There are 2 protein chains.
Amino acid sequence: MSNDENIYRQMLNAIVEHQLPPGARLPEDRLSEAFGVSRTGIRKVLQRLALEHFVVIEKNKGAQVNHPSKAEALEVLDSRLLIEPQLIPDLLTHWNAEHSERFRIMVTEEKHAEESNQLADSIQLTARFHYELATLAGNKVLANFVQQLCYRSSLILAAYGTRGSVGCECGDHSELLDLLDQGHKDKAQHWMSHHLKHIRSSLILDSKPEENIDFQKLFGR
Amino acid sequence: MSNDENIYRQMLNAIVEHQLPPGARLPEDRLSEAFGVSRTGIRKVLQRLALEHFVVIEKNKGAQVNHPSKAEALEVLDSRLLIEPQLIPDLLTHWNAEHSERFRIMVTEEKHAEESNQLADSIQLTARFHYELATLAGNKVLANFVQQLCYRSSLILAAYGTRGSVGCECGDHSELLDLLDQGHKDKAQHWMSHHLKHIRSSLILDSKPEENIDFQKLFGR
DNA sequence: TCTCTATTTATTGTATACAATAATTAATTG
DNA sequence: CAATTAATTATTGTATACAATAAATAGAGA
C-alpha cells in the first residue's frame, strides 16, 4: 500500500473513530512530524479528506475535523435513505451462502463491540456492514458514494448520536441477513428504509455544538 | 473566486467540452506555464480532478484525461437512473414560475446549440439542466453527487455518445418542464427515467477505445 | 485590572531545488 | 537494417525555503 494511502486511512480512522473529535485542529507540522513525511504529503491527504467532507480547510487557517451541521447530518441520512433500499434488488441477484456467512461474522463482531461498550468500534462496524452490502450490488460508482456516506454517518453519529443510534428496536443487522437469505426482496427493502429512518430520528439535533477541543497529543507514540 | 478554483474550472471545462480529449496527457510544467502558477498549484487541482474521476493519475507517470471504461459509463448512467427520478417529488414541492422560466431559457439555449451543431455546448448545457434541477430538490449532498455524475456523463458522451445521445425521441427537456408546471409527479418521474434510459442505450459500447492523442498546444494562447 | 495595541510566535501558501523514475533518443552489435 | 542496450532528456515525487497571514503574547495606558 502506498504511503499516502496509509496516512489517509490512519487519519480517516482517527476521525471516524472520534479520536480526533469534530473541531480538532490539524496543524501540518504536527502531522508531518507524526507520520515522518514532509508537509507536502500531509497537505495532499488533508485536501483529499476535505473533498470528502471529513475535514474543513479554511484559507490561511488550515484544516480541522469537520463538525457536520445539522442540515448536513439530515442530508447524508436522507441520501442513504434514497439509495440503499434501492440497492437491495441488485444485491439479491448476487447474494449467496458465502456472503451470508461473511456478513454474519461481521454482525457477531458488532454485537461484541456493543456489549463491551466500545462505541467507536461499534460505529465503524455498522458503517462497514452497510457499505460492503452496497458493494455487493455491483455498481462501483454508487458503492463508492455509499461508502463515503457511511463514513460521514460515523462522524455524524459521533457528533449527534445517542446509544439508540446504533442499537435499534428493529433488532440488529442479522434480521436483514435473514430476509436476504430468504430472498424477501420487499421486506428487505422495507427493513432497510425503516432502519435508516430509525437512525435518522435518533439523532439529537437540538443540542449545542461541542466546544473545539484540541488534543495536542496526536497519535502519541 | 480563488485562483485554484479558477484553474480547476477551466480545466474541468476543457475536459468536459472535449478540448482535452480522453487520454490526453497533462504534463505539470506545461499547465504550470499556461496558468502562470507553480507546479504546486497545478498538482492540487490535478489531484482534485483525479478524485472526481476526470483525470487518472498513475504513479510516476502523471495525469491524463480519463477515458471512462464501458463499465464505468454504464454505472454512471445507472446511478443517475436510480437517483434523479426520485428527486422529482421534492423538486415539485419547491417548483414555481420563476424556476420554470429560468429553465425554459436554458432549454432554448440548448436548442440553439444543437441546431448550430455545437456539440460541446450542447452536452454542457444538458448536464447543467440536470444538475441544476437536482439542486432544486434541496438536498445538497445528493445534488453535489448528481452534479458530478452529470459532468462525468459529459465525458462519457464525448467518448461513447452518438448524435442520438443528446437529441431524444421523447422530445426535449421542455417536455419535462411542462410536466413539472402541471404538477404531474408520476409522469415527470417516468419521463426522467425514460430520458436517462434513452441516453444510456444510445451509447456505442462496442467500439474500440480511441487512440491517445496528445494535443501539445495546451490552451494555445 | 481591563482593554487596546504592538510584538512575537505559529501556521499556512507558494515556489523552487534536487532526487527518482519513466520516456525518448542514440549507439552498438548481430 | 532490425533489435537490443546505453545515454540522454523529460517528467514526476518529495523536501525545503521563504513570504504571507493569522494567532498568541506582552506591554502600555486608562
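These figures come from a predicted structure and were not determined experimentally. Order of the sequence lines fixes the chain letters, A, B, ..., with proteins taken first and strands second; residue numbering starts at 1 for each chain.
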**Q** Provide, to the nearest angstrom, the distance between the CD1 atom belonging to Ile57(B) and the P atom belonging to dA22(C).
**A**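 Answer to the nearest Å: 16 Å.
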**Q** Less than 6.0 angstrom from the centroid, inside 45 degrees of the normal: does Arg48(A) satisfy that with respect to the ring of Tyr8(A)?
**A**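 Positive - Arg48(A) is close enough to the ring of Tyr8(A) and near enough to its axis.
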**Q** Under the ring pair (Phe, Tyr, Trp, His ring centres under 6.0 Å) rule, collect the residues that match up with Tyr151(A), sequence neighbours excluded.
**A**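 For Tyr151(A), the residues satisfying ring pair (Phe, Tyr, Trp, His ring centres under 6.0 Å) (neighbours in sequence not counted) are Tyr131(A).
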**Q** Step by step, would you call Glu28(B) with Arg39(B) a salt bridge (charged side-chain N to carboxylate O under 4.0 Å, His left out)?
**A** CA-CA 6 Å; Glu28(B) 296 174 1; Arg39(B) 279 177 54 212; 2.8 Å; yes
**Q** Over how many whole Å does the gap from Arg25(A) atom CZ to dA10(C) atom C1' extend?
**A**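 Going from CZ in Arg25(A) over to C1' in dA10(C) covers 9 Å.
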**Q** Could you walk me through whether Arg102(A) and Glu132(A) pass salt bridge (charged side-chain N to carboxylate O under 4.0 Å, His left out), step by step?
**A** CA-CA 10 Å; Arg102(A) 188 156 68 78; Glu132(A) 292 215 2; 2.7 Å; yes
**Q** Report yes or no: do Gln124(B) and Asn13(B) form a side-chain donor-acceptor pair below 3.5 Å?
**A**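 Short answer, yes.
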**Q** For Ser38(A) and Gly62(B), take the nucleotide of DNA chain D holding the closest heavy atom to each; which residue's nucleotide lies nearer the 5' end?
**A**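 This one resolves to Gly62(B).
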**Q** Could you tell me whether Glu52(B) and Arg152(B) make a salt bridge, using a distance below 4.0 angstrom between a side-chain N and a carboxylate O?
**A**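 A salt bridge is absent here (no side-chain N lies under 4.0 Å from a carboxylate O).
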**Q** What is the distance from atom CG of Leu49(A) to atom CD1 of Ile57(A), rounded to the nearest 0.5 Å?
**A**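 Spacing of CG (Leu49(A)) from CD1 (Ile57(A)) equals 8.5 Å.
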**Q** Given that Arg39(A) and Ala63(B) both sit by DNA chain D, which one's nearest nucleotide is further toward the 5' end?
**A**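 Whichever sits nearer the 5' end wins; that is Ala63(B).
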**Q** Please find the earliest and latest nucleotides of DNA chain D, in the 5' to 3' direction, that have an atom within less than 4.0 Å of any heavy atom of chain A.
**A**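 Here the contact window of chain A covers dA15(D) to dA23(D).
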**Q** Which residues in residues 40-48 of chain B have at least one heavy atom lying under 4.0 Å from any atom of DNA chain C?
**A**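 Hits under 4.0 Å, by residue number: Thr40(B).
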**Q** Nearest 0.5 Å, please: how far is CE in Met192(A) from CD1 in Ile88(A)?
**A**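 CE of Met192(A) is found 4.5 Å from CD1 of Ile88(A).
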